[in-house]
Amino acid sequence: MTETYSKSRQQAEAAFGNLQTEFFAKNNAAEELASIAQARDAKTARLREARLAKEQAGRASATSALLAKRSKPD
């Protein structure tokens with residue numbers, strides 16, 4: 001049983017299909033951008049933690065070197 005639709009109905013169906021395609025494409029793009037932003041934020045946090053750990057190790061090393069130099073008999 002094949003249904004044939006009027007020309008205006010066919011045009012409306014095509015327009016709705018195009019609109020629906022645009023809607024889903026925008027959603028996919030938004031999801032992709034959110035994913036990229038989340039990955040960037042995670043990488044930034046990881047790099048910040050590594051930098052702070054390195055700075056803290058540098059300070060501890062400098063402090064211990066200074067203490068060793070001060071305690072050395074002249």
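In what follows, every heavy atom counts, from backbone to side chain, and hydrogens, waters and symmetry copies are set aside.
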Item to check | Separation between OG of S64 and NZ of K69, rounded to the nearest 0.5 Å | outcome: 13.0 Å
Checklist entry - Just by distance, do the side chain of S35 and the backbone of E31 share a donor-acceptor pair under 3.5 Å? => result no
Item to check | Residues, nucleotides or ligands: over 12 heavy atoms within 6.0 Å of Q56 CD | outcome: no
Checklist entry - Between atom CG of N18 and atom CZ of F23, what is the distance when rounded to the nearest 0.5 Å? => result 15.0 Å
Checklist entry - Just how far is it from atom NZ of K54 to atom CG of L47, taken to the nearest 0.5 Å? => result 12.0 Å
Item to check | Note, R70 side chain near L66 side chain (heavy atom, < 4.5 Å) | outcome: yes
Next on the checklist: As an exercise, state the distance from CZ of R9 to OG1 of T4, rounded to the nearest 0.5 Å.
Outcome noted: 11.0 Å
Item to check | Side chains of E32 and N28 in contact at under 4.5 Å (non-hydrogen atoms) | outcome: no
Next on the checklist: Whether the side chain of T21 engages the backbone of G17 through a donor-acceptor N/O pair (distance < 3.5 Å, no angle test) should be reported.
Outcome noted: yes
Checklist entry - When rounded to the nearest 0.5 angstrom, what distance separates CZ in R46 from CG in D41? => result 11.5 Å
Checklist entry - Which value, rounded to the nearest 0.5 Å, describes the distance between E13 atom CD and Q20 atom CD? => result 10.0 Å
